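Structure first, then comments.
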Amino acid sequence: KGSVQSVLPLDDGSAIRLTTAWYFTPERRLIHGRGIEPDIVVPMSPDDWQAVLKFRAQGDRSDDGDGSKASENARDVQLERAIDVLKGIRLFHAQCEAGPALARVK
């Protein structure tokens, strides 16, 4: 969904829902009804996805009701990849900031 809607109550007890904002990409492309294609696609099998959903739904419980641990089967490779990308960006920015200082040391 790429829109923001506000509900405005009326005097007669009814209400009206108005679209009050739209979400755009930095290139000004409207995402409503279209979504956004990811820059990095990390495929995940339906079985792996179900295991992750089951694990997330458990909350703080340590088993899934039948004595097995859902966390043993749940590996969120998409989340792991996202964390790797963010760590890489952070490292890149740190090296860019330290770049001139490192050049003087050599």
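Given the structure is predicted, the values throughout are model-derived calculations rather than measurements.
Atom CG of D12 is surrounded by more than 12 heavy atoms from other residues, nucleotides or ligands within 6.0 Å. Within a 6.0 Å radius of OH in Y23, other residues, nucleotides and ligands contribute 12 heavy atoms or fewer.
When hydrophobic clusters are built by joining Ile, Leu, Val, Met, Phe, Trp and Tyr residues whose side-chain heavy atoms come closer than 4.5 Å, directly or via intermediates, F24 is not grouped with I36. By the rule that hydrophobic residues join a cluster once side-chain heavy atoms approach within less than 4.5 Å of another member, M44 and I83 end up as members of separate clusters. Both I31 and V4 are assigned to one and the same hydrophobic cluster, defined by single-linkage of ILVMFWY side chains at heavy-atom distances under 4.5 Å. In terms of hydrophobic clustering, with Ile, Leu, Val, Met, Phe, Trp and Tyr side chains grouped at heavy-atom distances under 4.5 Å, V77 and V85 are assigned to a common cluster.
Of the N and O atoms on the side chains of T19 and S3, not one donor lies less than 3.5 Å from an acceptor on the other residue. Side chains of D47 and S45: a donor-acceptor N/O pair is absent below 3.5 angstrom, by distance only.
The backbone N or O of L30 lies less than 3.5 Å from a partner atom in the side chain of R34, making a donor-acceptor pair.
Distance CD/Q5 to CG/L18: 8.5 Å, rounded to 0.5 Å. Note that the CG atom of L86 and the CG atom of L91 stand 12.5 Å from one another [nearest 0.5 Å]. Rounding to the nearest 0.5 Å places CD of Q78 at 9.5 Å from CG of D48.
Nearest heavy-atom pair, P43 versus V41, reported as atom, atom and distance to 0.1 Å: CD-O, 3.6 Å.
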